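Residue numbering restarts at 1 for every chain, and letters A, B, ... go by the order of the sequence lines. In this text, all values refer to a predicted model and were calculated from it rather than measured experimentally.
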Protein chains: 2
Amino acid sequence: MRVTRKSDYGLRALCTLARHYNREPVSIGQLSAEHKIPEPFLEKIMQELREHGLVEATHGRGGGYLLKKRPSQISLREIVQALDGPIALVTCLDPSLKCAIEDGCPTSPIWEIVNHQLEEYLASLTLSDVMKLQGE
Amino acid sequence: MRVTRKSDYGLRALCTLARHYNREPVSIGQLSAEHKIPEPFLEKIMQELREHGLVEATHGRGGGYLLKKRPSQISLREIVQALDGPIALVTCLDPSLKCAIEDGCPTSPIWEIVNHQLEEYLASLTLSDVMKLQGE
DNA sequence: TGAACTCGGAGTATTTTACTCGGAATTTGA
DNA sequence: TCAAATTCCGAGTAAAATACTCCGAGTTCA
Ligand code: FES
Ligand code: FES
């Protein structure tokens, strides 16, 4: 029942990018120092975020990353899905896998409901919510 | 973001025990056959459920397991906590571990909220809810 | 007394997560 | 124009968590 470290690291980095929204890009070096994230690992994370359209990168000296959308347009759900893959509380809910029992499985309906609730809840929270909470 | 197989297996087994509430105990053999769970693994699972006071066992021939409380008194949260340990969406929320940043960590407030919501939601669902959904 | 059970502890195997490495490509400023 | 600062990409390795096994011992009951 855990979000991977990738998602937590990713979210922390995105917070910094939210502060820099509409300003100069932020490099891996800066991000990893601020949040104590191993550099090469964060590099991979930012790459995935870019592939999923959440950030964009500028190459070369002075380059780095910036948010591609407004902080209020980026939900926790998107972030977690980008880094951890589909939200599936049990393996049977992961579209890329299949389950042992299928029909007549007593637990599948309840997990579907819980999963759906969780997904909707994460969709309702955005980077700007995270920023707001931080200030308190 | 996954409940372990242990919890899913455990929940399936508990469903059968719910049907047998106030009747004869059900053995590991029966349970594992019905739900296609490896016998020795299920044995461990039932042991943990017993240690957490959710089921009770009777030894010897004709023995097996029975629920120790009414199905409506057993929440998903208890089950998951018994088998997967504390519900902690990120490692920082697990009381047995500590975190790298602590003060000023931008993500900790939001994860606490999400974690709490999830926990409450699981607490609100019981074995009898699972049974009801199954009938549909 | 022996078959059908659970108990308990100590394992092993498999999968997932976390993280590293090195070389190529891109941009900018001196 | 070249060297430094940066991302990009693919292929790894290391560590941790999960999934599962094994076996000998204790219980109960017919
Ligand atoms: S085994 Fe797949 S839904 Fe239960
Ligand atoms: S690192 Fe522990 S709360 Fe963020």
To the nearest angstrom, how far is [X] atom [atom1] from [N] atom [atom2]?
X: B:Leu42; N: C:dC5; atom1: CG; atom2: P; result: 14 Å
X: B:Ile28; N: D:dT21; atom1: CD1; atom2: P; result: 13 Å
X: A:Glu43; N: D:dA11; atom1: CD; atom2: P; result: 16 Å
X: B:Met1; N: D:dA17; atom1: CE; atom2: P; result: 18 Å
X: B:Phe41; N: C:dG9; atom1: CZ; atom2: P; result: 18 Å
X: A:Leu83; N: C:dC19; atom1: CG; atom2: C1'; result: 15 Å
X: A:Glu51; N: D:dC9; atom1: CD; atom2: P; result: 7 Å
X: B:Gln30; N: C:dT6; atom1: CD; atom2: C1'; result: 14 Å

Just checking [X]: base, sugar-phosphate only, or nothing, at a heavy-atom cut-off of under 4.0 Å?
X: A:Pro40; result: base
X: A:Gly64; result: sugar-phosphate
X: B:Lys44; result: base

Per atom distances to the B:Arg61 side chain, the nearest of C:dT6, D:dC29, C:dG8 is D:dC29
Using the salt bridge (charged side-chain N to carboxylate O under 4.0 Å, His left out) criterion, which residues pair with B:Arg61? Sequence neighbours excluded. none
Closest-nucleotide mapping onto DNA chain C: is B:Thr91 or B:Gln47 further toward the 5' terminus? I mean the 5' end. B:Gln47
Within the pair A:Arg50 and D:dC8, is there a side-chain N or O less than 4.0 Å away from OP1 or OP2? yes
Under 4.0 Å: is that the gap between some side-chain N or O of B:Tyr9 and OP1 or OP2 of D:dT18? no
Where at least one partner belongs to residues 4-17 of chain A, residue pairs that pass salt bridge (charged side-chain N to carboxylate O under 4.0 Å, His left out), sequence neighbours excluded: A:Lys6-A:Glu48, A:Asp8-A:Arg12
Please tell me whether B:Thr126 and B:Gln73 have a donor and an acceptor in their side chains that are separated by less than 3.5 angstrom. no
DNA chain D: B:Arg2 or A:His59, which has the more 5' nearest nucleotide? A:His59
Short N-O contact, A:Arg19 and A:Glu34, less than 4.0 angstrom: yes
Output yes when B:Lys69 and B:Glu56 qualify as a salt bridge under the 4.0 Å nitrogen-oxygen rule, no when they do not. no
